[in-house]
Undergrad: 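So that we are looking at the same thing, I have put the structure below in structure tokens.
We use all heavy atoms of the structure for the numbers below, so side chains are in, but hydrogens, waters and symmetry mates are not. Read the numbers this way: they start at 1 and go in the same order the structure lists the ligands and their atoms.
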Amino acid sequence: MSEFKPQIFSGVQPTGNLHLGNYLGALRKFVALQDQMDCIYCVVDLHSITAQLVHDDLKSQTRSITAAYLASGIDPVKHIVFNQSAVPQHAELAWIFNCVARIGWMNRMTQFKDKAGKDRENASLGLLAYPSLMAADILVYRATHVPVGDDQKQHLELTRDIAMKFNLDFAKKIKEIGKGVDITVGDQPVHAFFPMVEPLIEGPAPRVMSLKDGSKKMSKSDPSDLSRINLTDDADTVARKIRKAKTDPDALPSEVDGLKGRPEADNLVGIFAALSDRTKADVLSEYGGQQFSQFKPALAELAVNVLSPVNAEMRRLIDDPAHIDAVLKDGSERAGAIAEKTMKDVHEIVGLL
Ligand code: TYM
């Protein structure tokens, strides 16, 4: 093999409602990439038990994320849509990666620090090892590109570290079985079994911020529902949340530079740009000089136009769980066939009988 086959992989946790951050940071990019590469999109149910073990409605949450994938426009026939727990090779490779990765690497993860809070000793071992499972999700398909929001960047750097250490530790064996690819990392030539994944984070809204505080990420766990737009919000709620979004008293600038030091303005312009597939500069060339009292209704109209069809289709799909389950079953079988092949080679490389 002279090169890794280009392959997209990404995942979303089935915990809580999806919001505009998930939509712009992930789902909308997933859809756009379908024309460029083979894509595998996963609902990562095993990740969602790391912070909280018992969920009343994990199955319906898994179906609802699947519905969001499909409603956003992901094609589950051309590509693969499935849930993580249905392909046991993810957990198996994660175990091997637990033996590759170092505890120090995991301890440095900001998401672990945030989620574990002050009582780190009491966090689950799964929460600490979370990035190892994430690396396994990606690498069990030897995926090369991963579309995510900016908050996942550190986890993808760790995925590269794990891949690199595995490739170097097992360099001899990888050569022996003849399944490696010659790549260059920095200026170091490496005979790699696992690719160095490229994060796909760019775009005008890589980190959508809270509508109530431009210094905080829009998140499922924010206690204020006004801080986020949920994909399940109806048109009136979307418009009301945008109307109530925090802003500053100045008019919008005409240049992107003028957004510096104005996090709320920057966020709303970024959202507008991402929802309309434009750049921030382009949006400002139209709205520069206008007050928020003019810009917000335009943003609300745009958000409702984009999100309403997704919302309606999600509702329709959620009412048809048999269809969702059939999509997941078919996706799991196809994903499983790829994962099985990788794990066969991994067994050989590691020396498992
Ligand atoms: P999760 O479920 O928290 O979020 C799903 C996706 O939404 C993005 N996102 C955002 N993007 C922009 N602005 C925001 N405010 C915002 N909030 C969330 C996330 O970056 C993510 O892309 N660890 C992952 C799930 C995962 C995964 C993977 C992703 C598991 N295995 C393998 C990629 C590849 C997570 O918790 O995402």
Undergrad: Is the closest side-chain donor-acceptor distance between Ser224 and Asp222 under 3.5 Å?
TA: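 There is no such pair (donor and acceptor under 3.5 Å, judged by atom type) between the side chains of Ser224 and Asp222.
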
Undergrad: Within the side chain of Asn230, is there an N or O that forms a donor-acceptor pair under 3.5 Å with the backbone of His19?
TA: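 Absent.
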
Undergrad: Under 6.0 Å between ring centres: does that hold for Phe9 and Tyr41?
TA: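 Judged by ring-centre distance (under 6.0 Å), Phe9 and Tyr41 do not meet the cut-off.
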
Undergrad: Short list, please: which atoms of ligand 1 are under 4.0 Å from a heavy atom of Asp137?
TA: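 Under 4.0 Å from Asp137, ligand 1 has these atoms: 28 (C), 30 (C), 31 (N).
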
Undergrad: Under 4.0 Å, counting heavy atoms only: does Cys42 come that close to any atom of ligand 1?
TA: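 Judged by the 4.0 Å heavy-atom criterion, Cys42 does not count as contacting ligand 1.
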
Undergrad: Is Ile138 near ligand 1, meaning one of its heavy atoms is under 4.0 Å from it?
TA: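 Under 4.0 Å: yes for Ile138.
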
Undergrad: To which protein heavy atom is atom 20 (O) of ligand 1 closest, and what is the distance rounded to 0.1 Å?
TA: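 Going by distance alone, atom 20 (O) of ligand 1 is nearest to Asp151 OD1, 2.4 Å.
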
Undergrad: Between Glu157 and Arg160, does any side-chain N to carboxylate O distance fall below 4.0 Å?
TA: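 Judged by the 4.0 Å cut-off on N to carboxylate O distance, Glu157 and Arg160 do not form a salt bridge.
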
Undergrad: Kindly compute the distance separating CD1 (Ile138) from CD (Gln7), expressed to the nearest 0.5 Å.
TA: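 Answer for the CD1-CD pair, Ile138 versus Gln7, is 11.5 Å.
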
Undergrad: Name the orientation class of the two ring planes belonging to Phe295 and Phe292 (parallel below 30°, tilted from 30 to 60°, perpendicular beyond 60°).
TA: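 Phe295 and Phe292: perpendicular rings.
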
Undergrad: Checking Lys296 side chain against Arg243 main chain: does a donor-acceptor pair fall under 3.5 Å?
TA: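 It does hold such a pair.
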
Undergrad: Geometry only, no angles: is Met218 polar-contacting ligand 1 at N/O separations under 3.5 Å?
TA: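 Right, the criterion is met.
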
Undergrad: Under 4.0 Å from a heavy atom of Lys220: give me the atoms of ligand 1 that qualify, with their elements.
TA: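 Checking each atom against Lys220, I get 2 (O).
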
Undergrad: Which residue and atom name correspond to the protein heavy atom nearest atom 28 (C) of ligand 1, and how close is it?
TA: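 Residue, atom and distance for the closest contact: Met134 CG, 3.4 Å.
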
Undergrad: Among protein heavy atoms, which lies nearest atom 25 (C) of ligand 1, and at what distance?
TA: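 Going by distance alone, atom 25 (C) of ligand 1 is nearest to Gly11 O, 3.6 Å.
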
Undergrad: Taking the six-membered ring for Trp, is the centroid-to-centroid distance between Phe4 and His145 below 6.0 Å?
TA: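 Between Phe4 and His145, the centre distance exceeds or equals 6.0 Å.
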
Undergrad: Please identify which atoms of ligand 1 are closer than 4.0 Å to at least one heavy atom of Lys217.
TA: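 Those qualifying, in numeric order: 15 (N).
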
Undergrad: Distance under 4.0 Å to a non-hydrogen atom of Gln152: what atoms of ligand 1 satisfy this?
TA: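 Those of ligand 1 that fall under 4.0 Å from Gln152 are 19 (C), 20 (O), 23 (N), 24 (C), 35 (C), 36 (O), 37 (O).
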
Undergrad: State, without any angle test, whether Gln152 and Gln111 hold a side-chain donor-acceptor pair at a distance under 3.5 Å.
TA: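 Result is yes, a qualifying pair exists.
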
Undergrad: Please check if the distance between the ring centroids of His47 and Tyr130 is under 6.0 Å.
TA: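 Yes, the ring centres sit under 6.0 Å apart.
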
Undergrad: With a heavy-atom distance limit of 4.0 Å, tell me whether Val208 approaches ligand 1 through its side chain, its backbone, both, or neither.
TA: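 Both backbone and side chain.
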
Undergrad: I'd like to check Lys280 versus Asp266 (side-chain heavy atoms, cut-off strictly below 4.5 Å). Are they in contact?
TA: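 In contact.
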
Undergrad: Nearest non-hydrogen contact with atom 6 (C) of ligand 1 belongs to which option: Pro131, Gly25, Ala26, Gly16?
TA: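 Answer by nearest heavy atom: Ala26.
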
Undergrad: Counting only heavy atoms, which portion of Gln13 has something under 4.0 Å from ligand 1: side chain, backbone, both, or neither?
TA: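 Gln13 to ligand 1: contacts from backbone and side chain alike.
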
Undergrad: Could you tell me whether ligand 1 has any atom less than 4.0 Å away from a heavy atom of His19?
TA: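 Right, His19 reaches ligand 1.
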
Undergrad: Do any N/O atoms on Ser10 end up under 3.5 angstrom from N/O atoms on ligand 1?
TA: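 N/O-N/O distance under 3.5 Å: no.
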
Undergrad: Can the ring centroids of Phe194 and Tyr141 be said to lie less than 6.0 angstrom from one another?
TA: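 Between Phe194 and Tyr141, the centre distance exceeds or equals 6.0 Å.
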
Undergrad: Which ligand 1 atoms, with their elements, are less than 4.0 angstrom from a heavy-atom of His47?
TA: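 Reading through ligand 1 atom by atom, the close ones are 30 (C), 31 (N).
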
Undergrad: Heavy atoms only, cut-off 4.0 Å: how does Val146 contact ligand 1, side chain, backbone, both, or neither?
TA: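 The side chain, only.
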
Undergrad: What do we get for Pro206 next to ligand 1 when only non-hydrogen atoms under 4.0 Å count, side chain, backbone, both or neither?
TA: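 It is the backbone that gets close, since no side chain atom is under 4.0 Å.
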
Undergrad: Could you establish whether Gln84 and ligand 1 come within less than 4.0 Å of each other, counting only heavy atoms on the residue side?
TA: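 Per 4.0 Å heavy-atom rule, Gln84 does not contact ligand 1.
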
Undergrad: If you measure from each non-hydrogen atom of Val148 to ligand 1, which part falls under 4.0 Å: side chain, backbone, both or neither?
TA: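 The answer is both, backbone and side chain.
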
Undergrad: Please check: side-chain N/O of Gln84 versus main-chain N/O of Val43, any donor-acceptor pairing under 3.5 Å?
TA: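 Not at all, since once roles are kept as given, no pair shorter than 3.5 Å links the two residues.
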
Undergrad: Would you mind checking if Asp151 and Arg207 are paired as a salt bridge, meaning a charged N to carboxylate O distance below 4.0 Å?
TA: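 Result for this pair is no, no salt bridge flagged.
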
Undergrad: How far is atom 35 (C) of ligand 1 from its nearest protein heavy atom, and which residue and atom name does that atom have?
TA: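 For this ligand atom, the closest protein heavy atom is Tyr130 OH, 3.4 Å.
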
Undergrad: To check your reading of the model: name the closest protein heavy atom to atom 11 (N) of ligand 1, its residue, and the distance in Å.
TA: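 Checking every protein heavy atom, the shortest distance to atom 11 (N) of ligand 1 gives Gly21 O, 3.1 Å.
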
Undergrad: Is there a nitrogen or oxygen of Asn22 sitting under 3.5 Å from a nitrogen or oxygen of ligand 1?
TA: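 N/O-N/O distance below 3.5 Å exists for this pair.
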
Undergrad: Using a strict 4.0 Å threshold on nitrogen-to-oxygen distance, state whether Asp330 and Arg334 make a salt bridge.
TA: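 Arg334 and Asp330: salt-bridged.
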
Undergrad: Could you tell me the residue and atom name of the protein heavy atom closest to atom 22 (O) of ligand 1, and the distance to it rounded to 0.1 Å?
TA: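 The answer is Gly149 N, 3.2 Å.
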
Undergrad: Suppose I only count heavy atoms of Arg207 and a 4.0 Å limit; which atoms of ligand 1 are within that range?
TA: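 Those qualifying, in numeric order: 12 (C), 13 (N).
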
